[in-house]
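Only this structure's heavy atoms are used, side chains among them; waters, hydrogens and symmetry mates stay out.
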Amino acid sequence: MASLSLKHIYKKYPGGVTAVSDFNLEIRDKEFLILVGPSGCGKSTTLRMIAGLEEITEGELFIGDQLVNDVAPKDRKIAMVFQNYALYPHMTVYENMAFGLKLAKTPKEEIKRRVEEAAKVLDIAHLLERKPKALSGGQKQRVALGRAIVRNPKVFLLDEPLSNLDAKLRAAMRTELTKLHDRVQTTFIYVTHDQVEAMTMATRIVVMKDGLIQQVDTPQNLYDYPTNKFVAGFIGTPQMNFIDGNLTKKGDDVYFNFQTYSIKLPKEKLDEYPALLEYVDKEIVAGLRPECIRDEESEFAKYEGCTFEAYVDVTELMGAEIYLYLVVGNSEYEVDNTKLIARVSPRSKSTAGKTVKLALDATRLHFFDKETEMCIAH
């Protein structure tokens, strides 16, 4: 088993294109680490540098205590699972899984034992004589994983392995991968642009943008304590609402003002984040998760000083909840209105085409600097 250490890693291509900049990360032994971010943020390039499929321009990569910058991919004791599975179409499932071991001149009996063991773990023992064309997407995915498992690698690298599957199968395979990680007790490094995959499977998540690490933390901490506006907006479905406004002070009370509404900030938030007082009479961006907007009248008393009205543009029934797409403000210029999404109870009486009264939980407001987009308060 292995920990990994990436120290000041850069990837630069000819023409001055920098795909990854100053990447520093300690990956713990047996961790399920996920690199997440929008397309083109450098996550797959980072994974390929770990695999040895891309040359590291600058920096040092250690697997365990060994510097592996110049070590060939086959000698790094890692196994990679690709997005397109990369199975040989003319070989059976057994032959596909055994291929790497044959190249390594592993004895036949040992190959048979390892392949059958992996097939049992992945529930594909009954498919060993089939060719890839006779397999479903989920079965191909398991074969690709099996081919990696039989090599007993120190590190598993997975590059968007679920992106070709339908939504239902993707959800099932997320569970399977989590169970597989628990069983094989090996370090997993996984790349995806799907933050739901990251939130449900990772022990830690690395959020990337433009080749730079934005934040590394547990899924819950990323959700509750994003370091900047990008992380706050990327993690969470539906995404966090961002509201442009300003802070004002009346006596000892501080208010967040947007459109025609003033929301009184709880004293505890000001005590915990005194830096907010530096933004009084300045523009600021508030962030609010959709579940922190309420539309039940019975709760309004609890959120005194934090109510506002909004026009319900669209409603989406999701079964266990309803998403309300809201517009606050009555400007004839759409750009001047504030658009919000609320996640409410399926028993909600709010309907599209009506203006409704709402309350927000001010204790859950995040605040971001308008210029730097760094978080000031959670």
Side-chain angles (χ1 to χ4, degrees), residues 1-88 99-105 144-145 147-164 186-194 197-198 202 204-216:
M1 307 308 160
S3 57
L4 286 89
S5 182
L6 293 88
K7 298 181 178 180
H8 304 291
I9 299 283
Y10 284 81
K11 179 61 187 178
K12 297 175 183 175
Y13 291 105
V17 177
T18 302
V20 177
S21 298
D22 200 20
F23 192 101
N24 288 285
L25 187 64
E26 298 294 324
I27 303 171
R28 301 164 196 145
D29 185 25
K30 300 177 187 171
E31 184 167 30
F32 198 138
L33 184 102
I34 295 189
L35 304 175
V36 70
S39 297
C41 72
K43 54 191 186 298
S44 286
T45 304
T46 303
L47 197 75
R48 290 173 68 82
M49 284 192 284
I50 295 170
L53 302 175
E54 290 275 2
E55 201 176 308
I56 295 169
T57 311
E58 286 176 42
E60 294 177 321
L61 170 63
F62 291 85
I63 297 179
D65 298 326
Q66 184 187 9
L67 179 65
V68 296
N69 285 44
D70 300 318
V71 174
K74 65 183 177 63
D75 299 324
R76 294 191 181 194
K77 294 187 179 167
I78 55 168
M80 189 154 177
V81 179
F82 296 92
Q83 186 176 351
N84 62 359
Y85 317 136
L87 302 177
Y88 296 110
F99 187 69
L101 296 177
K102 278 184 183 172
L103 288 182
K105 298 191 167 49
L145 285 166
R147 187 175 52 190
I149 290 170
V150 295
R151 293 174 54 200
N152 293 335
K154 287 184 176 179
V155 183
F156 271 93
L157 305 179
L158 301 104
D159 190 4
E160 306 223 21
L162 308 185
S163 60
N164 292 334
T186 306
T187 308
F188 275 43
I189 306 171
Y190 186 107
V191 158
T192 182
H193 63 271
D194 183 343
E197 280 180 26
R204 279 193 308 158
I205 298 173
V206 180
V207 182
M208 293 182 70
K209 179 192 177 192
D210 300 334
L212 294 163
I213 293 177
Q214 302 295 306
Q215 188 172 354
V216 184

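- In this structure, N69 contributes its side chain and G59 its backbone to a donor-acceptor pair below 3.5 Å.
- Annotation: salt bridge (Lys or Arg N to Asp or Glu O under 4.0 Å) contacts of R204 (sequence neighbours excluded): E31.
- Remark: K11 does not engage E58 in a salt bridge, criterion side-chain N to carboxylate O under 4.0 Å.
- At a threshold of 4.5 Å between non-hydrogen side-chain atoms, the residues I34 and F32 count as touching.
- Checking side-chain atoms of S3 against main-chain N and O of D29 turns up no donor-acceptor pair under 3.5 Å.
- I149 has its side chain within reach of F156: a pair of non-hydrogen atoms, C-beta onward, lies under 4.5 Å apart.
- Residues L87 and R147 meet the side-chain proximity criterion, which asks for heavy atoms closer than 4.5 Å.
- In this structure, T46 and V191 have side chains that are not in contact, with every pair of non-hydrogen atoms separated by 4.5 Å or more.
- Test Q214, K209, M208 against L212 for side-chain contact (heavy atoms from CB on, under 4.5 Å) and you get one pass: Q214.
- Here the CZ-OH distance, from F23 to Y10, works out to 12.5 Å after rounding to the nearest 0.5 Å.
- Remark: R48 engages E54 in a salt bridge (Lys or Arg N to Asp or Glu O under 4.0 Å) (not counting sequence neighbours).
- In terms of heavy atoms, A148 sits closest to A79 at CB-CB, 3.6 Å.
- Side-chain atoms of V216 and L25, non-hydrogen and from C-beta on, do get closer than 4.5 Å to each other.
- Defined by atom type and a distance below 3.5 Å, a donor-acceptor pair is present between the side-chain atoms of E197 and Y190.
- Interatomic distance, OG of S21 versus CD1 of I9, reported as 12.0 Å (0.5 Å rounding).
- A side-chain contact (heavy atoms from CB on, under 4.5 Å) with M80 holds for exactly one of L158, L53, I50, I189; it is L53.
- T192 places a side-chain N or O within 3.5 Å of a backbone atom of D194 that can act as its donor or acceptor partner.
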Decide side chain to side chain contact (heavy atoms under 4.5 Å, CB included) for V20 and M49; before the verdict, give the C-alpha distance in whole Å, the side-chain angles of both, and the deciding distance to 0.1 Å. CA-CA 10 Å; V20 177; M49 284 192 284; 3.9 Å; yes
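- When side chains are defined from C-beta on, T45 counts as touching Y13, because their heavy atoms get closer than 4.5 Å.
- Judged by distance alone, with hydrogens and angles left aside, the side-chain atoms of R76 form a donor-acceptor pair with the main-chain N or O of V71 at under 3.5 Å.
- Closest non-hydrogen pair, A2 versus G64, comes out as CB-N, 4.3 Å.
- E60 meets the salt bridge (Lys or Arg N to Asp or Glu O under 4.0 Å) test with no other residue; sequence neighbours excluded.
- Separation of atoms OG1 (T187) and CD1 (I78) is listed at 11.5 Å; rounding is to 0.5 Å.
- Remark: H8 NE2 to I56 CD1 distance equals 13.5 Å, nearest 0.5 Å.
- With sequence neighbours left out, T57 forms a side chain to side chain donor-acceptor pair (under 3.5 Å) with no residue at all.
- Atom CG in L47 sits 4.5 Å away from atom CG in L157 (nearest 0.5 Å).
- Among pairs with a residue in residues 35-44, those fulfilling side-chain hydrogen bond (donor to acceptor under 3.5 Å, both in side chains) read S44-D159, at least two apart in sequence or across chains.
- No side-chain heavy atom of V150 sits under 4.5 Å from any side-chain heavy atom of N152.
- Put simply, CD1 on I63 and NZ on K77 are 10.5 Å apart, with the number rounded to the nearest 0.5 Å.
- Residue-environment remark: CG (D65) stays at or below the threshold of 12 foreign heavy atoms within 6.0 Å.
- With sequence neighbours excluded, no residue forms a ring pair (Phe, Tyr, Trp, His ring centres under 6.0 Å) with F82.
- Proximity of a side-chain donor or acceptor of N24 to a complementary backbone N or O of D22 within less than 3.5 Å is detected.
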